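Okay, structure first, notes after.
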2 protein chains.
Amino acid sequence: MKIDPNSSANLSAQIAKAIRDSIVAGDLIIDQRLPSEAELADYFQVSRPTVREALKRLAAKSLIRTQRGATGGAFVNRISFEEAYSDHVTTSTLLLSMNAVSFDTACEARYALERACAPLSALRRTPDQLATMRGEILRQSQPSLTDESFCESDVAFHRALVDGAANPVLSYQLAGSIEAMQPLMNMITFSARSREKIISLHSQITDAIETRDGTAATLGLNDLEAETRSLATSVFADRSP
Amino acid sequence: MKIDPNSSANLSAQIAKAIRDSIVAGDLIIDQRLPSEAELADYFQVSRPTVREALKRLAAKSLIRTQRGATGGAFVNRISFEEAYSDHVTTSTLLLSMNAVSFDTACEARYALERACAPLSALRRTPDQLATMRGEILRQSQPSLTDESFCESDVAFHRALVDGAANPVLSYQLAGSIEAMQPLMNMITFSARSREKIISLHSQITDAIETRDGTAATLGLNDLEAETRSLATSVFADRSP
DNA sequence: TGCTTTTTAAATGTCAGACTTTTAAATGTC
DNA sequence: GACATTTAAAAGTCTGACATTTAAAAAGCA
């Protein structure tokens, strides 16, 4: 079933890999209980702390969950989209910051992907999602809003737009592009004039989504991308000299 | 800097979270060395095994790497796109299988996102990427190819297409949609006739990419999606009764 | 002096054994 | 039969030790 060569190094990593492979391959079914730590230690011929380190590695990836008590143990975990969401956002955020991805590159990816969702969202959005979009636009119109809150609302708006496509895979993948951009967006200072323009484009997009006009929504996103990028360009130009 | 309430439970998870937050917040810079396990144990007032479990959790997410020896220790790790790639594919694959995502849903997401890349790929693809696409088409034309290898080549073709957009963020996000579909695609038996049609569409798309015609490439992907979905529908219809 | 070799110390990796806490099931009592 | 008590299994945690790796310091030598 699972083997473990004693050569080379890092037993806990090897054990974690062996168990992970079994899960990915489907040998271990969802909610299935793994052997107890003591049994695993015996099976792999290592100590319990080593097994525990391996299990913690798997728990960190949400591949297993552990439960204390009499009928406790480690169980293969069902990875839900909601759970995976925040992890994906964190990783994407770190990828952007650690690899010095430019604002343009991140922005281009974000809007390219978001345009892909627009036609589907126009087709399927629920009244609730439409109301969320309108609500966020209203919130963005409050002049007292800080730049950070403005960005936050912007993310909520776009998230509703994407969720409108009613495709969990799209929502999940898009999360990494939209939410991960927030730190970059937070570097921008939004003037009253630029906020006004963004809000107007948001309204335009929402109108298109409301009237089931996917093409118009896509065009609106085009304009919004252009506006965002020119805004960023001017902000960064002002700052560097 | 980092705190740790002794209430509730799971110390290693709390410690891992504290350190992760420090990394995400930028308090811990890339390649910076964390305190030694003994120092961390002293700081958090826990034992060394508990600290180690926390560090293994972080290592599982590639947030840190550990090094043995005199100047060794745990270091904040630079997460590269290449590294994150395979993790993202694994997670996406598990998300699809564990949540019983339908072929249609996954397929729709995949092609929607891929169409987003097509115009950029038409603009920026290198001769190398074009050659890769042509090469994969050639490979797909060999009748002796197994269905699994055909799918593998299909993934390679689409990956080259996406990479042509020269945007690492797009390539990364798309990986989760394209490669994660492979297990679903492997359930399909490709007749000679259906292979022929897919190859023809691949050629059509490649031609469009070669002539920098983003619109034609997008239309080609539209047709390919329709073809793939109808193929899947008929295969699954044949199988269920 | 300058180079090579040896030693040393610091750090992670691993182990063994014990104790604590949680939890559910078995048992006992009314 | 319903409720309280006991019990056992399992994860969570701690202590202390030893093994292994690695780079830098120390020693030896030409």
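Here the structure is a predicted model, which is why all the values come from computation and not from measurement. Note on naming: letters A, B, ... go to the chains in the order of the sequence lines (proteins, then strands), and numbering restarts at 1 for each one.
- For C/dA25, the OP1/OP2 oxygens have no side-chain nitrogen or oxygen of A/T71 closer than 4.0 Å.
- One atom, CG of B/N10, and another, P of D/dG12, lie 6 Å apart when rounded to the nearest Å.
- Looking at A/E83 and A/R78, no side-chain N of the basic residue comes within less than 4.0 Å of a carboxylate O on the acidic one, giving no salt bridge.
- Here the nucleotide nearest the side chain of A/P49, chosen from D/dG12, C/dA11, C/dC15, is C/dC15.
- Checked by distance alone, B/R48 brings a side-chain donor or acceptor within 3.5 Å of a matching partner on the base of C/dG13.
- Side chain of A/A70, nearest nucleotide from D/dT13, C/dA9, D/dA9: D/dA9.
- A tilted orientation is assigned to the rings of A/Y172 and B/H88, their planes being inclined by 30° to 60°.
- Look at A/R139 and A/E152 and you find a salt bridge, because one of the NZ, NE, NH1 or NH2 atoms lies within 4.0 Å of a carboxylate O, short of that distance.
- Under a 4.0 Å N-O distance rule, the pair A/E53/A/R57 does not qualify as a salt bridge.
- For A/R33 and C/dT23, the CZ to P distance is 16 Å, given to the nearest whole Å.
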Secondary structure string for DNA chain C (Watson-Crick or G-U under 3.5 angstrom, | for other-strand pairs): ||||||||||||||||||||||||||||||
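- Following rounding to the nearest Å, B/F75 (CZ) and D/dT22 (P) show an atom-to-atom distance of 13 Å.
- At whole-Å resolution of the value, CD in B/Q45 and P in D/dG12 are 21 Å apart.
- Dashed line: the shortest gap from a side-chain N or O of B/T66 to OP1 or OP2 of C/dA11 is not under 4.0 Å.
- Contacts of A/R65 with the nucleic acid, taken as non-hydrogen atoms under 4.0 Å apart, are absent.
- In terms of phosphate contacts, A/R68 brings no side-chain nitrogen or oxygen within less than 4.0 Å of OP1 or OP2 of C/dA24.
- Atom pair A/R52:CZ and D/dT15:P shows a separation of 15 Å (rounding to whole Å applied).
- Between the CD1 atom of A/I15 and the C1' atom of C/dT14 there is a distance of 11 Å, rounded to whole Å.
- Atom C1' of nucleotide D/dT13 and atom CD of B/E53 are separated by 8 Å, given to the nearest angstrom.
- Across all their heavy atoms, A/A60 and B/A60 have their closest contact at CB-CB, 4.2 Å.
- Side-chain proximity of A/E37 to D/dA9, C/dT12, D/dA11: nearest is D/dA11.
- A salt bridge between B/D154 and B/R110 is present, with a side-chain N of the basic residue lying under 4.0 Å from a carboxylate O of the acidic one.
- Nucleotide C/dA16 holds its P atom 12 Å from the CG atom of A/L11, rounded to whole Å.
- The residues B/R124 and A/E108 are annotated as salt-bridged, a charged nitrogen and a carboxylate oxygen being separated by less than 4.0 angstrom.
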